[in-house]
Structure formats: C-alpha cells, structure tokens
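The block underneath contains the structure these notes are about, expressed in structure tokens.
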Amino acid sequence: MLGDEMIRRILSFAAAAALLLAPQSATAGWKAIAQGKPIAVAKTGLTVTAPSGVWNRWSLRPSKKSELWTKDGLALNELAFYSGVTSGEPIFREVDKKNSPLPKFNSKMLAPDVVALFEASNRIALKTSLFSVDSVEPAQFVGQPGVRFTFTYSVQNNDLVRKGEARAAVLRGQLYMITFIAPSIYYFDNGIADARAIMDSAVLLPVAAK
C-alpha cells in the first residue's frame, strides 16, 4: 500500500498534468457507467462495455469526437475514447491554433502514422519533450486489424511519470482509439486490467443506410 505522503505527492503532480489537457467548466459533472451494459461513447457508433468497477463519465468532452471516463479522478486514471476523427481534424481540442497548431489526422495514415500523430499531439498539448513511445504491435480493435502501443511521459518541471496504453484503428476512413493513462506508481498497474477489458469489448456499429 502507498503511504499518505506518497499519495499526496501523486495527487498533486498528477492533477497538474491532467488539467493541461482537460477543458474547464464550473458546470462539469459526472455520471456513473452501468456495468455489463453496452454504452455508446463520444456520441458515435463506438460502443464499449464496462465489465466491473465503478467508472464515471465526464460531462465535458476534450473534443467533439472524444470523451473521458475515470474511476478515481482524472489525475489518477483516465480512459479516453476518440471516435470517428476524420481527415483534417486533430485528435485533441486546439488550445493555441495560431502559435502551436496540433497535427491533423489523415484517412490514409497507417498504424505507425497514428502512433506518431498521438505522440506529436501530446508533445504539443502538454508542452513537453518528455514523451516516449515504448512499444508498438499489431492488435485487434473493434474486430478489425489495428495497433496497440504503450507510452510514458512527464510534464516539464514535474517528476511524476505517467504511463499509458492505447489501441487504435483506421476504419471507414476515420480514426477510432481508446487510451488509458495513469501514474506509473501503483495506479497504472491497478487499473490496466479493467481498461484492457473495455478495449476488448469495443464494437463499432454499422452505419445506417440513408
């Protein structure tokens, strides 16, 4: 178990890092996610099922094509869904488009390109050079060939290391991705099994005929 002082340090450092990417609003709220029930995420055809644990969905969304879940607060575990990102769109919301524009997704991207897009986007959004992709391998996602990759990063002037794992695929010319991020001390290992189960459950519903 972690001591009280270590927990306080993690909360302090992690909160600072998490808030850099999170939009702010006094009206933001949370809604509990039902277990064992398919849930549509990011207002698209991407659905996932939370097999266990108490996940909560944030009412604010980091972009029009994404949403965030957490168990204990975004500083301690963050499950992000990116669904239906189209060519010419960034995966995060632009914060300083004039001076620090985010890279854009392209429907012709291959798996390595998607990983590079994610890395570059985080380096800009988090204003950090301390971001590394640790592994990349083929993996099934939403029943289709995709990619699984792991990464670590920390924010400048902050010694907390955060660890992440993601799965992604380009389908129908659009990007679909789920990422799990948590402090590398305790919280990542404690939450990755549930996150992987949710990634495994992901299904992309067929587009309705017009």
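Count residues from 1 along the sequence.
- Partners of K104 according to the salt bridge (Lys or Arg N to Asp or Glu O under 4.0 Å) rule, which considers only residues two or more places apart in sequence or in another chain, are E94.
- Side-chain atoms of N77 and T70 include a donor-acceptor pair closer than 3.5 Å.
- For S63, the side-chain hydrogen bond (donor to acceptor under 3.5 Å, both in side chains) partners at least two apart in sequence or on another chain are S66.
- Qualifying salt bridge (Lys or Arg N to Asp or Glu O under 4.0 Å) partners for R167, counting only residues two or more places apart in sequence or in other chains: D200.
- Here K108 does not pair with D113 in a salt bridge; the nearest charged N to carboxylate O distance is not below 4.0 Å.
- Scored by the side-chain hydrogen bond (donor to acceptor under 3.5 Å, both in side chains) test, Y176 finds Q174 as partners (sequence neighbours excluded).
- Residues R172 and L204 form a side-chain contact, since some pair of their non-hydrogen atoms from C-beta on lies under 4.5 Å apart.
- Partners of A111 by side chain to side chain contact (heavy atoms under 4.5 Å, CB included), not counting sequence neighbours, listed by chain and number: V147.
- Sorted by first and then second residue, the pairs that involve residues 38-48 and meet side-chain hydrogen bond (donor to acceptor under 3.5 Å, both in side chains), not counting sequence neighbours, are T44-S83.
- Residue pairs meeting the ring-ring contact (aromatic ring centres under 6.0 Å, His included) criterion with at least one member in residues 110-140, sequence neighbours excluded, are F118-F149, F118-F151, F131-F151, F131-Y153.
- Side-chain contact between V41 and V48 is present, with heavy atoms from C-beta onward closer than 4.5 Å.
- Applying the side-chain hydrogen bond (donor to acceptor under 3.5 Å, both in side chains) criterion to T152, with sequence neighbours excluded, gives S132, D134.
- Every side chain to side chain contact (heavy atoms under 4.5 Å, CB included) that I192 has, sequence neighbours left out, goes to E165, F180, F188, A195, R196.
- When the side-chain hydrogen bond (donor to acceptor under 3.5 Å, both in side chains) test is applied to N190, no partner is found at least two apart in sequence or on another chain.
- For D189, the side chain to side chain contact (heavy atoms under 4.5 Å, CB included) test picks out no residue, with sequence neighbours left out.
- The shortest side-chain heavy-atom distance between I39 and R57 falls under the 4.5 Å cut-off.
- How far CH2 of W55 is from CG of L79: 4.5 Å, rounded to the nearest 0.5 Å.
- You'll find the ring centres of W58 and W69 outside the 6.0 Å limit.
- The list of side-chain hydrogen bond (donor to acceptor under 3.5 Å, both in side chains) pairs with a residue in residues 135-144, not counting sequence neighbours, reads S135-T150, E137-R148.
- Expressed to the nearest 0.5 Å, how far OH of Y82 lies from NZ of K65 amounts to 14.0 Å.
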